[in-house]
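Quick notes on the structure that follows.
Please read all numbers here as calculations on a predicted model, not as lab measurements. Lettering follows sequence order; numbering is per chain, from 1.
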Number of protein chains: 2
Amino acid sequence: MKLEKKTHITLQDVAKHAGVSRATASLVLRGSKHITESTREKVLTSMQQLGYVYDRVAANLRSKVSTTVGLIIMELANPFYSELLVGIHQELDKFGQTVILGTTFDSESIQERLLSTMLEHRVGGIILSAVPGSPSEPINRIEQLGIPVVLVGRRLPEAKCDYVGVDNIMGGRIAVDYLIHKGHRRIAFIGGYSQLSSWQGRKQGYDKAFEQAGLPIDPAMIIESPATRQGGIDAIEKLLRLPNRPTAIFCYNDTIAIGAMMKLQDAGICPGQDMAIVGFDDIPEAAILSPKLTTVSSFPRMMGAHAARLLYSRIEGSTLDPTAVILEPQLIIRDSCKFSGSS
Amino acid sequence: MKLEKKTHITLQDVAKHAGVSRATASLVLRGSKHITESTREKVLTSMQQLGYVYDRVAANLRSKVSTTVGLIIMELANPFYSELLVGIHQELDKFGQTVILGTTFDSESIQERLLSTMLEHRVGGIILSAVPGSPSEPINRIEQLGIPVVLVGRRLPEAKCDYVGVDNIMGGRIAVDYLIHKGHRRIAFIGGYSQLSSWQGRKQGYDKAFEQAGLPIDPAMIIESPATRQGGIDAIEKLLRLPNRPTAIFCYNDTIAIGAMMKLQDAGICPGQDMAIVGFDDIPEAAILSPKLTTVSSFPRMMGAHAARLLYSRIEGSTLDPTAVILEPQLIIRDSCKFSGSS
DNA sequence: CTGAAAGCGCTTACAG
DNA sequence: CTGAAAGCGCTTACAG
């Protein structure tokens with residue numbers, strides 16, 4: 001905890017060593033043009049010699065500036081969020097911002113705590129993938145403080161802030177359209193929870209596709225479960241007990257699809273051959289499964305980059321009305337839908 | 001950049017509102033016992049009413065304390081590092097420390113820059129997976145400043161600091177022993193670079209296994225390449241051009257193994273059946289490949305947790321000599337080695 | 001148990 | 001172009 005820097009060099013020391021005032025040294029530090037080349041050099045070499053380390057934290061405190069951004073996501077051990085993080089981190093790095101990380105494991109109380117911690121750390125803004133069903137009041141209160149927040153992936157109805165996500169309705173739509181065109185009539189939708197805005201969107205797309213095809217929807221085909229591999233396994237178990245099994249499965253996301261494929265294989269059902277599978281997100285894993293997973297890409301890395309840019313523009317003072325950046329999803333056709341239903 | 005908090009409430013405001021001094025309010029904040037219950041309550045309710053946000057940064061500056069830790073790794077889009085990050089983050093969270101992230105992409109100059117940035121942000125310590133071949137002088141200089149650093153996964157010969165890693169020699173040994181016992185005689189070792197301390201260890205284990213079995217080593221079987229999927233693909237291409245192909249492949253890590261399996265499949269060679277494959281690390285992907293990948297687990301999450309604990313003990317003032325925590329690897333036998341060489 | 005003063009390391013007007 | 005002073009929001013001795 002204690003920073004027991006043995007001989008801690010401050011700007012004061014540098015100034016004295018260079019024979020100038022603290023203010024002058026500070027000016028040199030930030031490359032002011034109002035400094036003579038000769039004093040500039042003197043100060044610079046003094047810094048070198050003394051091994052001076054700039055204290056950005058103290059500087060930020062004084063100048064009321066922040067160079068950190070908070071990122072709150074569900075968990076790290078999930079390729080979707082890893083990819084999101086990569087996009088955010090890479091983009092923010094360009095702006096000289098560093099990210100402070102927090103994971104909620106979808107617990108509302110942890111989210112509350114993290115939000116507080118981030119504020120205490122004087123973040124300039126927050127990127128939040130909110131716990132489903134969490135109240136939007138804390139977010140609005142934070143915005144009130146002048147700290148911008150952008151929601152990513154998961155939307156909160158009442159929150160007055162920016163949002164970056166994929167068009168879930170279209171995503172669900174193109175996935176199910178594709179399956180219907182392949183001749184499937186009984187198509188399950190498994191994984192995720194109906195509180196999730198992304199679940200709702202994907203389900204809506206599913207409904208629309210059925211509607212337009214003039215097909216009836218069987219509520220038994222809709223199975224909620226945690227968005228984990230285990231959740232996929234569990235959902236398949238339930239599905240296999242059904243008297244009238246589906247011929248295709250649209251999974252809430254790729255992680256669910258992985259679990260589903262594992263369980264299917266265990267049950268002697270060949271995914272892709274005996275049962276068509278479509279995922280969502282296109283995480284790196286999707287391409288190495290066998291069969292390679294056909295999935296709807298939500299471009300998580302790009303989502304992250306957009307969120308970072310949007311947040312930074314807010315930090316820089318943009319006062320536009322809250323905007324929503326909706327990425328267009330794309331069906332990535334691979335090998336997990338060879339089977340052609342009852343066509 | 002600017003933190004234009006509309007009506008920024010400070011401890012001063014709280015104190016005035018509660019009718020006490022700033023010092024008293026500060027004491028309340030940190031739960032001092034020398035405060036009357038009644039004033040405690042007064043102050044607390046004032047904080048509530050005014051919507052006070054504690055400025056931990058200012059507090060840390062004054063009390064010369066740090067609540068952040070720097071983490072520098074090669075890249076985020078790599079399951080090994082994701083897992084490492086999970087372990088570190090989870091453990092550090094328990095100590096109330098937040099992590100500041102940086103990725104080098106194995107560029108020495110980026111690493112230099114990140115190290116500086118972290119110091120400027122007043123991190124209490126640094127966990128570093130160093131760029132191979134980078135000088136240890138900056139690290140020693142940082143330690144000199146009183147900022148502990150722990151190296152993780154990759155060792156630097158001259159660095160006087162803690163290290164957490166897996167026993168690479170043993171890891172290489174058990175992988176190759178296993179293949180030899182399965183009857184293989186021509187075993188390739190592909191991926192990674194010989195500058196990496198982990199590569200050197202695994203290769204040493206490989207050599208030892210051959211030596212003990214009284215088998216000759218063919219230098220053509222050793223192929224270096226970037227530790228990426230593409231690196232695995234490239235290595236296999238080279239391997240297939242060889243007049244005398246191997247019957248088994250020990251991969252520097254699982255990511256290499258994934259690329260290798262992809263390329264093998266493309267070439268009409270069935271991994272696991274026509275060619276045995278062993279990976280290293282046991283990233284989550286290993287279990288979903290088909291065939292499921294037999295691999296040497298390096299327990300990346302546990303590595304992260306150890307590194308975090310070790311660093312924190314240093315931050316707390318531990319002055320033991322630099323220690324090395326070496327985790328014991330474990331062979332995870334799955335399905336990628338069905339073929340039994342020439343036995 | 002509480003208050004007045006000094007200080008963490010820096011930057012920001014304001015003089016000169 | 002450079003210096004002396006005040007202040008960012010907090011904590012830390014030191015009195016009382």
Side-chain angles (χ1 to χ4, degrees), chain A residues 1-5 7-43 46-47 50-67 119-124 145-146, chain B residues 1-5 7-43 46-47 50-67 119-124 145-146:
Chain A
M1 215 84 162
K2 284 276 179 196
L3 252 45
E4 39 165 344
K5 307 186 181 178
T7 58
H8 191 219
I9 305 297
T10 102
L11 236 203
Q12 181 73 281
D13 301 325
V14 172
K16 193 184 297 173
H17 186 273
V20 299
S21 80
R22 216 158 74 211
T24 306
S26 175
L27 256 6
V28 171
L29 208 51
R30 286 167 299 135
S32 164
K33 307 194 164 186
H34 307 267
I35 300 283
T36 331
E37 185 55 30
S38 68
T39 60
R40 235 181 70 79
E41 294 220 325
K42 260 194 306 185
V43 174
S46 290
M47 286 182 181
L50 299 177
Y52 172 68
V53 176
Y54 181 52
D55 190 331
R56 191 176 297 277
V57 170
N60 287 354
L61 172 62
R62 177 59 176 103
S63 50
K64 301 196 144 211
V65 149
S66 171
T67 52
L119 292 183
E120 294 184 358
H121 276 277
R122 318 177 83 252
V123 293
L145 254 34
Chain B
M1 216 84 163
K2 284 278 177 196
L3 251 46
E4 39 166 343
K5 306 188 181 176
T7 58
H8 191 217
I9 306 296
T10 101
L11 236 204
Q12 180 74 281
D13 301 325
V14 171
K16 194 184 297 173
H17 186 273
V20 300
S21 80
R22 216 158 75 211
T24 306
S26 175
L27 256 5
V28 172
L29 208 53
R30 286 167 300 136
S32 164
K33 308 195 162 182
H34 307 268
I35 299 283
T36 331
E37 186 56 30
S38 68
T39 60
R40 235 181 70 79
E41 293 220 326
K42 259 195 306 187
V43 173
S46 291
M47 285 181 182
L50 299 177
Y52 172 68
V53 175
Y54 181 51
D55 190 330
R56 190 176 298 275
V57 170
N60 287 355
L61 172 62
R62 178 59 176 98
S63 48
K64 300 195 144 213
V65 149
S66 171
T67 51
L119 292 183
E120 294 184 359
H121 277 278
R122 317 178 82 251
V123 294
L145 253 35

- Task: Would you mind classifying the nucleic acid contact of B/Ile35 as base, sugar-phosphate or nothing, using non-hydrogen atoms under 4.0 angstrom?
- Result: sugar-phosphate

Exercise for the section: Under 4.0 Å between any heavy atoms, over every strand shown, what does A/Arg22 touch: base, sugar-phosphate, or nothing? Just pick one. Expected result: base

Can you name the residues that form a side chain to side chain donor-acceptor pair (under 3.5 Å) with [X], not counting sequence neighbours?
| X | value |
| --- | --- |
| A/Ser26 | A/Arg30 |
| B/His121 | none |
| A/Ser46 | A/His17 |
| A/Arg22 | none |

Check: Checking side chain to side chain contact (heavy atoms under 4.5 Å, CB included) for the pair B/Val20/B/Val43: CA distance, chi angles, key distance, verdict?
Finding: CA-CA 8 Å; B/Val20 300; B/Val43 173; 3.9 Å; yes

Contact under 4.0 Å: [X] side-chain N or O vs [N] OP1/OP2:
| X | N | result |
| --- | --- | --- |
| B/Thr39 | C/dT2 | yes |
| A/Ser26 | C/dT12 | no |
| B/Lys64 | C/dG9 | yes |
| B/Thr36 | C/dT2 | yes |
| B/Ser63 | D/dC10 | no |
| B/Thr24 | C/dG3 | yes |

Spatial distance of atom [atom1] ([X]) from atom [atom2] ([Y]) [nearest 0.5 Å]:
| X | Y | atom1 | atom2 | result |
| --- | --- | --- | --- | --- |
| B/Ile9 | B/Gln12 | CD1 | CD | 11.5 Å |
| B/Thr10 | B/Asp55 | OG1 | CG | 9.5 Å |
| B/Glu120 | A/Asn60 | CD | CG | 10.0 Å |

Starting at [atom1] of [X] and ending at [atom2] of [N], how long is that distance when rounded to a whole Å?
| X | N | atom1 | atom2 | answer |
| --- | --- | --- | --- | --- |
| A/Leu61 | D/dC10 | CG | P | 9 Å |
| B/Leu11 | D/dT12 | CG | P | 12 Å |
| B/Leu29 | D/dT12 | CG | C1' | 15 Å |
| A/Arg40 | D/dT2 | CZ | C1' | 16 Å |
| A/Met47 | C/dC10 | CE | C1' | 12 Å |
| A/Arg62 | C/dG7 | CZ | P | 18 Å |
| A/Asn60 | C/dC10 | CG | C1' | 10 Å |
| B/Leu50 | D/dG9 | CG | P | 15 Å |

With [X], which residues qualify under side chain to side chain contact (heavy atoms under 4.5 Å, CB included), at least two apart?
| X | value |
| --- | --- |
| B/Ala59 | B/Tyr54 |
| A/Glu41 | A/Glu37 |
| B/Ile35 | B/Thr24, B/Leu27, B/Val28, B/Ser32, B/Thr39, B/Arg40 |

Winner on side-chain proximity to A/Thr10, out of D/dG9, C/dG9, C/dT11, is C/dG9

Testing C/dC10, D/dG9, D/dT11 for proximity to the side chain of A/Tyr54, the answer is C/dC10

So which protein nitrogen or oxygen atoms get under 3.5 Å of nucleotides 13-16 of chain D's nitrogens or oxygens?
none

The residue, A/Leu27 or A/Ala58, whose nearest nucleotide of DNA chain D is more 5′ is A/Leu27

For DNA chain C, the expected dot-bracket line (Watson-Crick or G-U under 3.5 Å, [ ] crossing, | inter-strand) is |||.||||||||.|||

In terms of heavy-atom contacts, A/Val57 and B/Arg122 come closest through CB-CD, 3.2 Å

Within residues 13-21 of chain B, those residues having any heavy atom closer than 4.0 Å to DNA chain C are B/Val20, B/Ser21

query: Got B/Met47 and B/Leu11 here, is their nearest side-chain heavy-atom distance under 4.5 Å?
result: yes

